[in-house]
Amino acid sequence: MVIVMMKLLLICFIIVVSVCFTSTEVNEAKVNCTELNNNLANAIASFSKCAITYSRPIKLCEQCVNEYIDVSNGYQNMSASKDEDGVCLDGYIHLDNLEILETLYGNANELWNRANCDKCFQMDNGTLTNVSSVETTTFNVLFTNLTDCIKQPDVNATTVCQNCAKQYNELNKFYIAISYENRGGVCMDVVDVMNGTRGYWSSNCCKFRHRNELGFIISTVFISLLTILFYILTKVCSQKRAPVILKQTRFSGSFCNSAS
């Protein structure tokens, strides 16, 4: 009985090993570098289209994060996968001067980094996620508070500065704080929103200050002209006539000598 059990266990072990080995061979055989390359190409195309679509106003980071993650994952899959010819990525790079795959992937990566989009999202062990960072979430809440205030029925172009000044100052102070903390740069989505908000606030709430500045400038110019006129008149009125010096003639000199 014991021998029979041992034989059964041995047969089961052989079957399990065979299945695992066969599964591994199937998985290795299923690696298709061409398919992985096509997946990466589609990911780059989707990211490029998304970037162009959300180029104005700039919402590249917020709207295209999933497409960028697909690009990164596609490139990593090609770097880590092998077929019978070797690493998949090696079959598409360093083979000609065009370097098409590396160039297009590099362009997508450069655009993302130039926009500082990583600052908009949380990182998981150094890996980008599509979860907004605390700074981005807080900024969006403050911006929503301001826009909600501006959209109130009793707020118009005349009252917006007074009614929504608190919300604007809170948003502006928070943006200055995160700009100071992130010396490497702030997420471009946030920068674009803040630039637009400051432009709106300046055009609607700084016109009264512009009028005061105009009066100040006119007063300054008037006082400056009076000062210049005063110095000119002072110089003209205080000018003295130079004494007339008569040259001594030879005749008068001779007369004086004879008289002595």
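Because only heavy atoms are used, hydrogens play no part in the values below, and waters and symmetry mates are left out as well, while side chains stay in.
Looking at every heavy atom in both residues, G185 comes nearest to K119 through O-NZ, 3.0 Å. Among all heavy-atom pairs drawn from L89 and Y75, the shortest one is CD2-OH, 3.6 Å. Here the closest non-hydrogen pair linking L60 and W112 is O-CZ3, 4.2 Å. Closest approach of I150 to C164, counting heavy atoms only: N-SG, 3.7 Å. Residues D154 and T159 share a closest heavy-atom pair of O-OG1, 3.5 Å.
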Going through the checks in order, is the side chain to side chain contact (heavy atoms under 4.5 Å, CB included) test met by N156 and V160? CA-CA 6 Å; N156 51 45; V160 64; over 6 Å; no
Go through it in stages, so that I can follow the logic: the residues are V190 and I178, the test is side chain to side chain contact (heavy atoms under 4.5 Å, CB included), and I'd like the CA-CA distance, side-chain angles, deciding distance and then a yes or no. CA-CA 10 Å; V190 173; I178 61 177; 4.3 Å; yes
Determine, step by step, whether F143 and M194 satisfy the side chain to side chain contact (heavy atoms under 4.5 Å, CB included) criterion, reporting the C-alpha distance in whole Å, the side-chain angles of both residues, the deciding distance to 0.1 Å, and the verdict. CA-CA 9 Å; F143 177 71; M194 194 65 220; over 6 Å; no
Steps toward side chain to side chain contact (heavy atoms under 4.5 Å, CB included) verdict (D118, L128): CA-CA 7 Å; D118 282 358; L128 177 68; 3.7 Å; yes
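At distances below 3.5 Å, at least one donor-acceptor pair connects side-chain atoms of T129 with backbone N or O atoms of Q122. Under the 3.5 Å distance criterion, the side-chain polar atoms of T53 are matched with a main-chain donor or acceptor of K49. Between the side chain of D148 and the backbone N or O of K151 there is no donor-acceptor pair closer than 3.5 Å. Judged purely by atom type and a 3.5 angstrom limit, N32 uses its side chain to pair as donor or acceptor with the backbone of E35. Panel note: side chain N109, backbone Y105; no donor-acceptor pair is recorded below 3.5 Å.
Neither side chain, W201 nor N172, offers a donor N or O lying under 3.5 Å from an acceptor on the other.
Disulfide status for C33 with C88: present, SG atoms under 2.5 Å apart. In this structure, C120 and C187 have their SG atoms less than 2.5 Å from one another.
Here S132 contributes atom OG and D189 contributes atom CG; the two are 9.5 Å apart, rounded to the nearest 0.5 Å. Once rounded to the nearest 0.5 Å, the distance linking SG of C50 with CG of D70 reads 11.0 Å. Distance check, rounded to the nearest 0.5 Å: OG of S179 to CD of E135 gives 11.0 Å. Atom OG of residue S81 and atom CG of residue N37 lie 12.0 Å apart, to the nearest 0.5 angstrom. Distance CD/E67 to OG/S46: 6.5 Å, rounded to 0.5 Å. Rounded to the nearest 0.5 angstrom, Y68 OH and I44 CD1 are separated by 11.0 Å.
A cation-pi arrangement is absent between R198 and Y200, since the terminal nitrogen or guanidinium carbon is not both under 6.0 Å from the aromatic centre and inside a 45° cone about the axis.
Note on I100: it clusters hydrophobically with L36, by side-chain heavy-atom contacts below 4.5 Å among ILVMFWY residues. At a threshold of 4.5 Å between side-chain heavy atoms, the hydrophobic network of Ile, Leu, Val, Met, Phe, Trp and Tyr places M123 and M188 in one connected group. Follow the hydrophobic side-chain contacts under 4.5 Å out from L101 and you reach V87 in the same cluster. Cluster membership for M78 and L98, using ILVMFWY side-chain heavy atoms within less than 4.5 angstrom, is shared. Linking Ile, Leu, Val, Met, Phe, Trp and Tyr whenever their side-chain heavy atoms come within less than 4.5 Å puts F121 and V191 in one cluster.
Remark: of the listed residues V193, L142, V141, T144, L142 is the sole one forming a side chain to side chain contact (heavy atoms under 4.5 Å, CB included) with L171.
Taking a cutoff of 4.0 Å between a charged side-chain nitrogen and a carboxylate oxygen, K59 and D192 do not qualify as a salt bridge.
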